[in-house]
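These notes concern the structure reproduced below.
As a basis for the values below, the full set of heavy atoms in this structure was taken, side chains included, without hydrogen atoms, waters or symmetry mates.
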Amino acid sequence: MYRHSYAEILDDAASEGRARERMAFDHAIELMQAAEAKGVDSREAVEAIFFLNRLWSLLIEDLASDENGLPKELRASLISIGLWVLREAQRLRQETVGSFAALIEVNSAIRNGLA
């Protein structure tokens, strides 16, 4: 018979959550790389910006929740990064910025931190 402690179940749930977050960031990065190759006025750019907006909106909402278990300082830093990502995506949509490079770099760093 299997016996798992509550702590083990929570650890498994947290690692599964991080794996899903890494997959979401991987997808966002792939979309941005395709958009970078095609240009900011491409269909790929629209898809990348749309996905990035959804991803970071969800993350910011979760990070702002009192139920989020991360330390407040880390949550505040991640929210700040998320707001920058949303502003930068908006600038790309408006074509006032011509490259996804900074967004790819920041999102890659966040993804790598989830490992």
Side-chain angles (χ1 to χ4, degrees):
M1 209 177 257
Y2 293 100
R3 291 182 68 142
H4 295 285
S5 72
Y6 184 66
E8 288 173 326
I9 293 169
L10 286 179
D11 285 344
D12 288 346
S15 66
E16 288 174 14
R18 282 190 302 276
R20 282 191 302 275
E21 289 171 347
R22 277 193 306 275
M23 288 174 38
F25 276 103
D26 284 340
H27 185 63
I29 292 163
E30 289 170 7
L31 289 172
M32 288 186 288
Q33 289 169 334
E36 182 73 7
K38 297 286 185 168
V40 296
D41 59 346
S42 67
R43 177 185 57 79
E44 288 82 359
V46 172
E47 290 175 9
I49 291 168
F50 179 74
F51 186 82
L52 204 56
N53 280 329
R54 285 182 39 217
L55 173 62
W56 276 101
S57 294
L58 289 169
L59 290 171
I60 290 169
E61 183 178 335
D62 181 61
L63 289 164
S65 169
D66 289 335
E67 295 173 8
N68 187 294
L70 293 175
K72 282 189 174 192
E73 297 80 20
L74 177 57
R75 290 172 32 205
S77 294
L78 289 170
I79 288 170
S80 178
I81 291 168
L83 294 173
W84 175 84
V85 167
L86 293 175
R87 283 191 305 272
E88 193 70 8
Q90 178 69 16
R91 292 177 63 206
L92 276 164
R93 192 177 69 73
Q94 295 170 343
E95 297 183 25
T96 59
V97 173
S99 175
F100 281 84
L103 283 170
I104 292 169
E105 183 178 339
V106 168
N107 282 274
S108 295
I110 299 293
R111 187 244 355 248
N112 294 342
L114 292 168

Any chance you could measure [X], atom [atom1], to [Y], atom [atom2], to the nearest 0.5 Å?
{"X": "Phe25", "Y": "Glu30", "atom1": "CZ", "atom2": "CD", "value": "13.5 Å"}
{"X": "Ser77", "Y": "Leu63", "atom1": "OG", "atom2": "CG", "value": "10.5 Å"}
{"X": "Arg20", "Y": "Met23", "atom1": "CZ", "atom2": "CE", "value": "9.0 Å"}
{"X": "Trp56", "Y": "Arg87", "atom1": "CH2", "atom2": "CZ", "value": "12.0 Å"}
{"X": "Gln33", "Y": "Asn107", "atom1": "CD", "atom2": "CG", "value": "10.5 Å"}
{"X": "Leu86", "Y": "Leu103", "atom1": "CG", "atom2": "CG", "value": "9.5 Å"}

Taking every non-hydrogen atom, the tightest pair across Val40 and Leu92: CG1-CD2, 3.4 Å
Mind listing the closest non-hydrogen atom pair of Val97 and Glu88 along with its distance? CG1-OE2, 3.7 Å
Closer than 3.5 angstrom, by distance alone: can the side chain of [X] be matched with the main-chain N or O of [Y] as a donor-acceptor pair?
{"X": "Ser57", "Y": "Arg54", "value": "no"}
{"X": "Glu44", "Y": "Ala34", "value": "no"}
{"X": "Arg93", "Y": "Ala45", "value": "no"}
{"X": "Asp62", "Y": "Leu58", "value": "no"}

Hey, any chance Leu74 and Ile60 share a hydrophobic cluster, counting ILVMFWY side chains that come within less than 4.5 Å of each other, even indirectly?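 Per the 4.5 Å side-chain linkage, Leu74 and Ile60 are co-clustered.
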With hydrophobic residues grouped by side-chain heavy-atom distances under 4.5 Å, do Leu70 and Leu55 end up in a single group? yes
Would the number of heavy atoms belonging to other residues, nucleotides or ligands and lying under 6.0 Å from CD of Glu61 be above 12? no
Close side-chain approach of Met32 and Ile29, heavy atoms under 4.5 Å: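 The answer is yes, as the side chains (C-beta and beyond) meet within the 4.5 Å cut-off.
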Less than 4.5 Å apart, any side-chain heavy atom of Ile110 and any of Leu78? yes
Salt bridge (charged side-chain N to carboxylate O under 4.0 Å, His left out) assessment of Arg18 paired with Glu21: CA-CA 5 Å; Arg18 282 190 302 276; Glu21 289 171 347; over 6 Å; no
